[in-house]
Amino acid sequence: MRAPIRILSEDVSNKIAAGEVIERPASIVKELVENAIDAGARRIRVEVRGGGKELIRVVDDGSGVPADEAHLVFMRHATSKIATASDLFHISTLGFRGEALPSIASVARVEFLTRTPDADDGILLKVEGQAIASSPCGAPVGTQVTVTDLFYNTPARFKFLKSDTTERRFIADVLTAIALAHPGIAFRLVMEGREVLNTPGSGNLKETLGAVYGRRILPGLVPVDGLAPWGGVSGYVGKPDLAKGNRSAETVFVNGRWVQNRMLYAAIERGYESLLAHRRFPLAVVHITIDPSLVDVNVHPAKTEIRFRDESDVFRTVMKAVRSALLQADLVSPLGQPQGSGPAGRPDKAPVDDAALQPKLAWSFPPLGKGGSAAKRAPEEPSAPVWAGEERGTYTLRPQPTGMADRALHPVEAVGAQEEEDRAHSPGEPPPHASLPLAASEAERARVAMEQGSVAHGYDPRELLATAEVAGQLAATYLLVPVPFGLWLIDQHVAHERVLYEKALDRWEQSQVVAQQLLTPYTLRLSPALAATLMDHLDAIEAMGFGVEPFGGNDFLLRAVPPEVTGRPEPVLTQIVEELALIVSEGGPSRKERAAAALACRAAIKAGERLQPEVMRQLIRELATVENPYACPHGRPIIVQVDLKEIERRFGRS
Amino acid sequence: MEFVCQREELLRGISIVERAATSKESMQILEGIYIRAEGDHLHLAATDLELSIECDVPATVVQQGEAVLGSKVLSPIVRKLVGDQLVYRTSESGVAQIESGPSHFTVHTMVADEFPALPEVESTGLWRISQGELRRLIRHTAFAAATDDSRPFLTGVFVEVEQDEIRLVATDSSRLAFRRGKLLEETDRPRSGIVPVRALSELMRILDDDDDAVVEFEITESQAVFRAAGVQMISRVIEGQFPDYRRVLATDQPTRFRLDRIQLLAAVERVALIARRSTPVVRLAVKGETLSLSSREAEVGQAYEELTVVKEGEDLETAYQARFLTEVLRAMDSDQVEVGLGDGLRQGSITPVGDENYVYIVMPVRVG
């Protein structure tokens, strides 16, 4: 017998709706903080315990809610933010559905304390399920929402929560993103009694970025600025050496709302084109301002998804803004600032922060509960910071060799041995290595480190390449080029690779085929799969300057080669075909980029090859003409700068 | 060992052999110059195991013996000394005393026994050629060899000897230079081998200006030996099968025209100037008695030039890498050259007018 159809009770429907809005503690933080922002708060403090399952408290200094309206906040679709359906298409506030508080209240115990500036008393609402108890209560202006015992009444959902560590990471991610969206608001996040984020609220996005990722990234930030008829793009992107192994440092906002949109990530990454190595992702904070009628944010209750009327236009604008910002920036890797990948910094060159630095995100937490908890946290534990967030005005420097900044900047990457060590310390206590006031020499070192990135300013790197002389060759691999502010080390292979890559792309883009015919053809035998790939892409391969003829089976006759290919042509073509075989239906570099990169890599001067002075000279002259003299098509740096100041320091002249 | 010699003579010998000394640190002894005093001369030698150069310098030998001195030490000292005569003496301890004019040097020597034994060469039955002829053969061909090591057999010059004829061929697989020369005497031992370009350029340096002087040489399975006035150079030969150049030479072109070599060279160099980033490519178009050369580069511009030629055959248009034209035009000696253009993507040729022994074949580029 079938069950009769019933209208669900409000309690049940609230719980269902809550499922969409409240997935985890981080969703609660997001909803409450967005409410606080909508209430005009200038300072917002978030406190979290037990990964948010025990307690979440959000305190703001916003406008508060009048006592007589307070009970309405727990009614579904009660909101002051929109009135009619047409308002949905001109949404300028973060929240608007009126779902947040009722949804939270349906899955947790909530206390709501609020006072408006003109009221003498505040009001305290205690909500548990359907029951709301209210009483007048003294309170500062603003609102304080305390959420405890999350999912106490929906044990099934409780079970789906991850470890406290993971939940804390989600919360930190959410608040970081919100803080970056609102540099004008001071955010403070305290988790398990430790402050892990504190932004100045000065309205300066760069300062906020420094507070989040550490001041040492500041010289590596390049401002992005792009205009479009529908609005514009602004923000900062990190130079390639700040890149990391996942997208966690790519933050995008649309009209101030944090969105996670593949198209926008792709647009930013395409802006870097070949500046980044494979599987490296940029540090970027990009704000998109767009006429609200051209986007639909009402796609999902969590509102991190978004739809654009004209996706491709937005894509192009973002990509171009990022690219032109990067091309105008000086991307020479300063020596001594550890790279995301590749050569690590020198041990004694550990980044040193300014004493006035705001404490930053600290990701290591003391083990909770009793002993034995260490075991269960291991696999998903975010890596420990090198810099623990300390009280304002002091900082801890832990002497640590290479990779330090990298780790500090990539908080969610792999767990290392250092971390094990971190866990041994008791909570709140600085690690035993060193906790010292900023010494003058280190401040100086910090200054040097900061200046290294910018000292080249005032010189056009291309101009330098076009006029500089090569002083010699180091290890038959690096060209030594003295410049007015120090010494450039130029990797001959990657430099030539970049030159060849751009030549090949140029020819392609101008549909200018140059195929040097061969006196006697070479034969090439490929695997069946590669042979099929070659046939699929024969047009592209011929457009590059190869002349290829099927010769039966998986054999081919190679009758012509691009003029850059002066050596044995078969390995070059094989590599190109292998690269083309990697093309999947979508994403990644385009066909021509892949093919050009493979050609350049194979045909370029090799490392370890002794070069005549005129060849080296010619190489840097050619490098001066390329669009991007900073990184090879695979993202490796071409030029490493040894700063004159650094040299002087080492010689004790500073 | 003890000897007295003319400083200039010793310096000449050192400058000849030191080019074969290596600067690699892997085997220190190979940085040295081997000196053996015997009879009325000194025998100097240096090698990097691929190439060895030996020469004799007249000297008054007081006590015969041998020693190895670092070339980086010996060479600058002998060069800077001021006396006409040089006195050399090695003590028991292996320390060498070098005196000339007012100067006195004491330098350490290396252990002569460690110096590798150089190949012995039979001094009879070598082929003979005039210096002038050999120079011309090398100058006309060696530039066309490949410069990268991915195909070692193309980094040398193929030398072929048959009866009284010697043929040198070099190619990088896009162009080929062929020159035929005459031996002074016929040989009954036809032979061929690939000689590294480096050995031939060192040989060019060693050979003096006397075109009529005789060079004796031989190519065996493993090495090439050249002997000229008191100098012997031995090089390994490169293993591998050199491409069959005869098939390449056999073809003919439908269009041929003649013009002044220097004019053509200058015109190609000029139009190639427009290429800034790309590999310079020059289009050649023959129409009637006019050869037009042009080149273009996106974002830079284009260049165009006309020359008057004497043509046989059809009007034709093709394109070549500028470098492949300029290099051969510079190497040639004749006033006039004959250029043959191939149809479609077939090969072109450049030959000096009045010299049938030299042929340069060049493949065009397809420009789309």
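Numbered from 1 within each chain, the chains take letters A, B, ... in sequence-line order. Heavy atoms only: backbone and side chains are in, while hydrogens, waters and symmetry mates are out.
B/Val248 touches chain A through its side chain: at least one heavy atom from C-beta onward sits under 4.5 Å away, while N, CA, C and O do not. In this structure, no portion of B/Tyr320 lies under 4.5 Å from any heavy atom of chain A. Within the 4.5 angstrom heavy-atom criterion, atoms from both the backbone and the side chain of A/Glu542 approach chain B. Residue B/Arg346: no heavy atom, backbone or side chain, is found under 4.5 Å from chain A. Looking at B/Thr147, neither its backbone nor its side chain comes within 4.5 Å of chain A, counting heavy atoms on both sides.
Atom CZ of B/Arg198 sits in a crowded spot, with more than 12 heavy atoms from other residues, nucleotides or ligands closer than 6.0 Å. Surrounding CD of B/Glu239 are at most 12 heavy atoms belonging to other residues, nucleotides or ligands under 6.0 Å away. Shown here is A/Tyr478, whose OH atom has no more than 12 heavy atoms of other residues, nucleotides or ligands within 6.0 Å. More than 12 heavy atoms of other residues, nucleotides or ligands sit less than 6.0 Å from atom OH of B/Tyr304. Under a cut-off of 6.0 angstrom, the local environment of CZ in A/Arg525 is sparse, with at most 12 non-hydrogen atoms contributed by other residues, nucleotides or ligands. Open room surrounds CD on B/Gln241; 12 or fewer heavy atoms of other groups in view lie less than 6.0 Å from it. Other residues, nucleotides and ligands contribute only 12 or fewer heavy atoms inside 6.0 Å of the NZ atom of A/Lys320. By the neighbour-count criterion of 12 heavy atoms within 6.0 Å, atom CZ of B/Arg246 is densely surrounded, having more than that number from other residues, nucleotides or ligands.
Contact of the A/Lys503 side chain with the B/Thr279 side chain is registered, since non-hydrogen atoms from C-beta on lie closer than 4.5 Å. Residues A/Leu519 and B/Ser174 form no side-chain contact, since every pair of their non-hydrogen atoms from C-beta on lies 4.5 Å or further apart.
Taking both residues in full, the closest heavy atoms of A/Thr566 and B/Arg151 are given as O-NH2, 2.6 Å, listed atom of the first, atom of the second, then distance. Of all the heavy atoms in B/Arg366 and A/Phe546, the pair that sits closest is NH2-O, 3.8 Å. Residues A/Leu518 and B/Met363 approach most closely at O-CE, 3.2 Å, considering heavy atoms.
Applying side chain to side chain contact (heavy atoms under 4.5 Å, CB included) to A/Gln517 and the options B/Val362, B/Leu345, B/Val365 leaves one that passes, B/Leu345.
Counting heavy-atom pairs closer than 4.5 Å to chain B, the top-ranked of the candidates A/Arg568, A/Arg559, A/Arg621 is A/Arg568.
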